[in-house]
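In this chain, numbering begins with 1 at the start of the sequence shown.
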Amino acid sequence: MKDLVKRVLLLSIGWLSVVLGVLGVFLPLLPTTPFLLLASACFMRGSPHLSRWLHQHPHFGPVLRNWHENRAISKTVKRRANITIVASFSLSILLVPLLWHKVMLVVIGTVLLVWFNRLPVIENQSKPLHQQVISK
């Protein structure tokens with residue numbers, strides 16, 4: 001019974017993450033990649049079949065494979081994520097009324113951008129994996 005509850009919980013979180021990730025493709029302030037990584041982690045533990053499906057998906061698969069195999073992201077993903085991070089934090093800073101909230105958001109956004117931009121970039125995804133160059 002305990003395993004069934006765990007599996008249902010993992011699959012529910014996984015599917016919710018897939019839905020949010022797909023919405024993130026169309027909504028500029030909702031990130032796609034973190035939700036897909038969460039879905040991937042949930043599906044790996046809850047359903048190997050769904051994990052394979054997600055990793056073989058024509059749009060989401062390359063991003064997930066780059067991360068799982070190389071701990072790297074493509075230039076396109078990095079550029080889009082930087083724009084999204086800056087836009088969402090800027091909007092949040094404009095909307096919150098208290099100064100200490102604004103300062104906190106600036107600090108968190110800065111730390112996030114520094115960490116994120118230190119991730120390695122993997123070159124063109126159309127090349128075979130052994131020919132891809134990983135750089136910073």
Side-chain angles (χ1 to χ4, degrees):
M1 181 69 173
K2 186 177 177 182
D3 288 337
L4 178 63
V5 171
K6 182 179 175 182
R7 186 167 191 257
V8 168
L9 184 63
L10 286 169
L11 292 177
S12 299
I13 293 170
W15 277 115
L16 177 63
S17 298
V18 168
V19 168
L20 291 172
V22 169
L23 287 174
V25 171
F26 304 104
L27 300 173
L29 297 179
L30 190 64
T32 299
T33 305
F35 287 118
L36 292 179
L37 291 173
L38 178 59
S40 175
C42 290
F43 288 163
M44 275 192 237
R45 290 166 182 81
S47 170
H49 174 73
L50 289 173
S51 180
R52 265 191 313 279
W53 168 79
L54 191 59
H55 282 261
Q56 292 172 353
H57 191 275
H59 297 292
F60 305 136
V63 173
L64 293 170
R65 279 192 301 277
N66 282 342
W67 182 254
H68 287 294
E69 294 172 4
N70 304 300
R71 291 288 188 235
I73 56 176
S74 71
K75 288 180 183 179
T76 304
V77 168
K78 188 174 260 194
R79 184 179 67 247
R80 287 180 185 162
N82 275 313
I83 291 168
T84 302
I85 291 167
V86 169
S88 62
F89 273 85
S90 297
L91 179 62
S92 298
I93 290 166
L94 288 173
L95 293 177
V96 297
L98 300 174
L99 179 62
W100 75 272
H101 287 160
K102 293 176 188 285
V103 171
M104 180 185 64
L105 285 168
V106 167
V107 170
I108 292 171
T110 302
V111 169
L112 177 61
L113 283 170
V114 168
W115 170 81
F116 183 74
N117 283 295
R118 293 188 60 176
L119 291 176
V121 172
I122 193 159
E123 297 300 325
N124 189 353
Q125 295 173 345
S126 62
K127 294 179 184 177
L129 201 55
H130 67 279
Q131 292 179 352
Q132 294 177 356
V133 178
I134 299 176
S135 63
K136 280 204 174 191

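When all heavy atoms are compared, the tightest approach of Leu94 to Lys102 is O-NZ, 3.9 Å. Ser17 and Leu38 make their closest contact through OG-CD2, 3.2 Å (heavy atoms, listed as atom of the first residue, atom of the second, distance). Minimum heavy-atom separation, Ser74 to Val121: C-CG1, 4.2 Å. When all heavy atoms of Ala39 and Gly14 are compared, the closest pair comes out as CB-O, 3.4 Å. The shortest heavy-atom contact between Asn117 and Lys78 is O-NZ, 3.2 Å. The minimum heavy-atom distance linking Leu64 with Leu37 is given by the pair CD2-CD2, 3.6 Å.
The CG atom of Leu99 sits 11.0 Å away from atom CD1 of Ile93, with the distance rounded to the nearest 0.5 Å. Atoms CG and CZ, on Leu54 and Arg65 in that order, are 10.0 Å from each other to the nearest 0.5 Å. Here the straight-line distance linking atom CZ of Phe116 with atom OG1 of Thr84 works out to 9.0 Å at 0.5 Å rounding. Going from atom CG of Asn66 over to atom CG of Leu119 covers 12.0 Å, rounded to the nearest 0.5 Å. Distance check: Thr33 OG1 to Phe60 CZ gives 9.5 Å after rounding to the nearest 0.5 Å. Rounded to the nearest 0.5 angstrom, Cys42 SG and Arg7 CZ are separated by 12.5 Å.
Cluster membership for Val22 and Trp15, using ILVMFWY side-chain heavy atoms within less than 4.5 angstrom, is shared. Clustering ILVMFWY residues whenever any of their side-chain heavy atoms sit less than 4.5 angstrom apart, transitively, puts Leu112 in the very cluster that holds Leu105. Leu10 is not connected to Leu50 by any chain of hydrophobic side-chain contacts under 4.5 Å among Ile, Leu, Val, Met, Phe, Trp and Tyr, and they are in different clusters. Both Val106 and Ile108 belong to a common hydrophobic cluster when Ile, Leu, Val, Met, Phe, Trp and Tyr are linked at side-chain heavy-atom distances under 4.5 angstrom. Residues Val111 and Trp100 are members of separate hydrophobic clusters, defined by side-chain heavy-atom contacts under 4.5 angstrom among Ile, Leu, Val, Met, Phe, Trp and Tyr.
Side-chain atoms of Ser92 come within 3.5 Å of backbone atoms of Ser88 as a donor-acceptor pair (strictly under, hydrogens ignored).
The ring-ring contact (aromatic ring centres under 6.0 Å, His included) analysis of residues 65-98, with sequence neighbours excluded, yields the pairs His55-His68.
A search for salt bridge (charged side-chain N to carboxylate O under 4.0 Å, His left out) contacts involving Lys75 returns Glu123, not counting sequence neighbours. By the side chain to side chain contact (heavy atoms under 4.5 Å, CB included) test, His49 pairs with Ser47, Arg52, sequence neighbours left out.
In this pair, Trp53 and His57 present their aromatic rings perpendicular. The plane angle is above 60°, beyond the 30 to 60° band.
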Checklist entry - Is there a side-chain contact (heavy atoms from CB on, under 4.5 Å) between Val18 and Phe43 once you walk through the steps? => result CA-CA 10 Å; Val18 168; Phe43 288 163; 3.8 Å; yes

